[in-house]
Amino acid sequence: VTADLGYGMTIVALGLALYGGVSAGVGARTGRLALIESAQHAALGVFVLVTSCFALLTYAFLTFDFSVRYVATNTNLGTPFYYRITGVWGALEGSIILWSWMLALYTVILIVRHRVGARELYPWALATMLGILAFFLLVMTVAAPPFQRQVPVPADGRGLNPLLEDTGMITHPVALYLGFTGLTVPFAFAMAALITGRVGDTWLVLTRRWTIVAWYFLSLGLLIGGWWSYHVLGWGGYWAWDPVENAAFMPWLTATAFLHSVMIQERRRMLRLWNISLVILTFGLTLFGTFLTRSGVIASVHAFTQGSIGILFLSFLALVLLTALGLVAWRWEALRSEGELDSVLSRESAFLLNNVLLVAAAFTVFFGTVFPLLSEAARGVKVSVGAPFFNQINVPLFLSLVFLMGVGPLIAWRRASLDNLKRNFLWPVALGILAAALAFALGVRSLLAALTFATTVFVAVTIAVDFTRATRARLRVGESLLPAMGGLLVRHNRRYGGFVVHLGILIVALGVMGSHAWSVQTETTLHRGETAELAGYRFRFDGLTAVEESNHFKVVGTFTVSNGRVLGVLQPAKKFYPQEQAPIAYVDYRLGLREDIYLVLGDFARDGSQATIKLQVNRLVSWIWIGGVVLTLGALLAILPERHKSA
Amino acid sequence: VTRQRKFIAGGVVIALALAYMIYAGVTQSAVYFVTPAELRAAPVPGKAYRLGGMVVPGSLKWEARSLDLSFSLSDGTATVPGYFKANLIMAKHSEEYKAPHDKSEAGYRELLKTLRGEGR
């Protein structure tokens, strides 16, 4: 019954979304407000129905309703309460429901926020949102239906993928999907702008904050994904250039480019075509990412089931891109810039270069990810490029981007004079060089590390210079120090939110560089009582114990860690799930600002006398998470409504 | 006009640099997917391969003390000829539905018992 009810609601929702999309479109063309209102009601109806579907599936999970196939494959009687909720989106079908629900939610927010005040653009944006929503509901009906009957009803289910039994599983997919689906809104307004021919700045102003919100969630999703990879997967790293990671990273890169190029259009009336293209590209990449991860075309640790879903996504992607490009061609004349670049040494060109580099990075990631497909199609051989490829190309690109982060916000608009350059960059450059020299004196011999130190210090000083200067200006008009600084953050929250994000990126960059340059690892087999040594730490193997949990049992190794004095006990484990053929590693670690101690239990002797372990001392990794927190706080600051209208 | 040319020239330089980096990156880090049969047909010593196949049952040998793991890899028609040294092993197993209470669990029970020191 549950399955039929859910399936029925999905079909009605699909019908309503289609009706609403057409109705909004016709209403916009003919100017009949009744049709637009009817579309709004349809959108609300879709939201209620999808919410009910989601609630119904959650209820089925909580009550172990194994008559629903999706529940039977992704949970069993031993699954703890908490993971029965997160298990709802633990596999393909549920993740599509989550996606549709968020899209419906954004549609409702769009109605609430823009119904009044965006007369021309709003109906078309609504129509676009409903059209895209209809596609996801179609996927839910034909390609990946979460509500399918399981006959006969099994006594117990198969169980959730054990790797997903982690607290990160509630936040990671939710944040990532809020980011992905959030990027649909700017796309919808871009389409509305193209259809109505109002390609000026209105749609940009309307979608600016939407993009920052989506960007915030996407960043959060990527960071939590990295943290999950680091503390659950147990391979010792946080980023592997896996196709799924790349799928989320590409739209992040192009959305970042868009957030910057928007400022040039606002200020100088340039780059209209470029901005529209970036929004289309970003949305296309979110669809492409879903196609990539859900179709199984590329081998990935995250690969989901294969099936008709791949071809469906690819067709929709083609439809979206062709429509969007057709509209761009149609509005070509209107999209031409009014302004012109004045000088190579100007803020405009710094931002332009930032955009080019970000898109180049996105292209590199795209190319590397689909390379196996390309080479197989072109030459008939399967060739893949691994992490070295991505690192080799992206490291110089990202270092240049970090450098531009210092240049862009301070260099003058239009044309920078020598005086302006000296005034803004003398100290930052001097201190940056000094930092590199200091690192060399302290024994750092890696060129990459020296360059990273130089650029990060350079950028940090530019931010400090700007902030001090602005604070001083306020002190001169009689404010006291703290209110002056706080006032800057609040009144110019977009600018200073951006600076805080930049600081976060600097911290992340140092963490990434440090972990690559200075981490060490080794593997060894120990008898009980024996000790292994790495980077000044001693690991003594004290024995194995077995523990039975509700849905698995685990073998826990006990290791005493010391460096002269005893630091503590680490207990990495191996978990055995009845439904899995291979055991799952459970990492234990001790995080630190300077370095993390990271221990993985590999093979072991059944009588507990011997264990094979992988030990790692990972340097500066914690700064990636700290930088991530700073970055997301900065994004939040930038999202706040602007109090001060600056030109 | 000269200004525009400067920007176009800059763009061309960046595009060329990127193209070169991608080309160099691909030639340096390309890894070929092959099956044991394909490797047997045209082996090139010293070249990087990603070899895919099934582990031949019973061929797995693991020396815990020296950390040596060896096994034969087969694609049904051929096994890997000679000696193939791997620096990365990616395990893949099927995701199909499997009843939870089957005989494989007996193995876990037994393991649990020995670890607890029962029945020794």
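Every chain is numbered from 1 and lettered A, B, ... according to where its sequence line falls, protein lines coming before strand lines.
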Pick one of side chain, backbone, both or neither for [X], based on which atoms fall under 4.5 Å of a heavy atom in chain B.
X: Phe389(A); result: both
X: Leu353(A); result: side chain
X: Ser384(A); result: both
X: Phe363(A); result: side chain

- Note on the structure: In terms of heavy-atom contacts, Leu526(A) and Arg65(B) come closest through C-NH1, 3.9 Å

Would you list the atom pairs, donor with acceptor, under 3.5 Å between side chains in residues 15-28 of chain B and any protein atom, with sequence neighbours excluded?
| from | atom 1 | to | atom 2 | distance (Å) |
| --- | --- | --- | --- | --- |
| Thr27(B) | OG1 | Tyr23(B) | O | 3.0 |
| Thr27(B) | OG1 | Ala24(B) | O | 2.9 |
| Gln28(B) | OE1 | Gln392(A) | NE2 | 3.2 |

- What residues form a side-chain contact (heavy atoms from CB on, under 4.5 Å) with Ser70(B), not counting sequence neighbours? Lys61(B)

- So which of Val356(A), Thr524(A), Leu357(A), Leu352(A) has the biggest tally of heavy-atom pairs under 4.5 Å with chain B? Thr524(A)

- Roughly how far apart are Thr612(A) OG1 and Glu63(B) CD, rounded to 0.5 Å? 11.0 Å

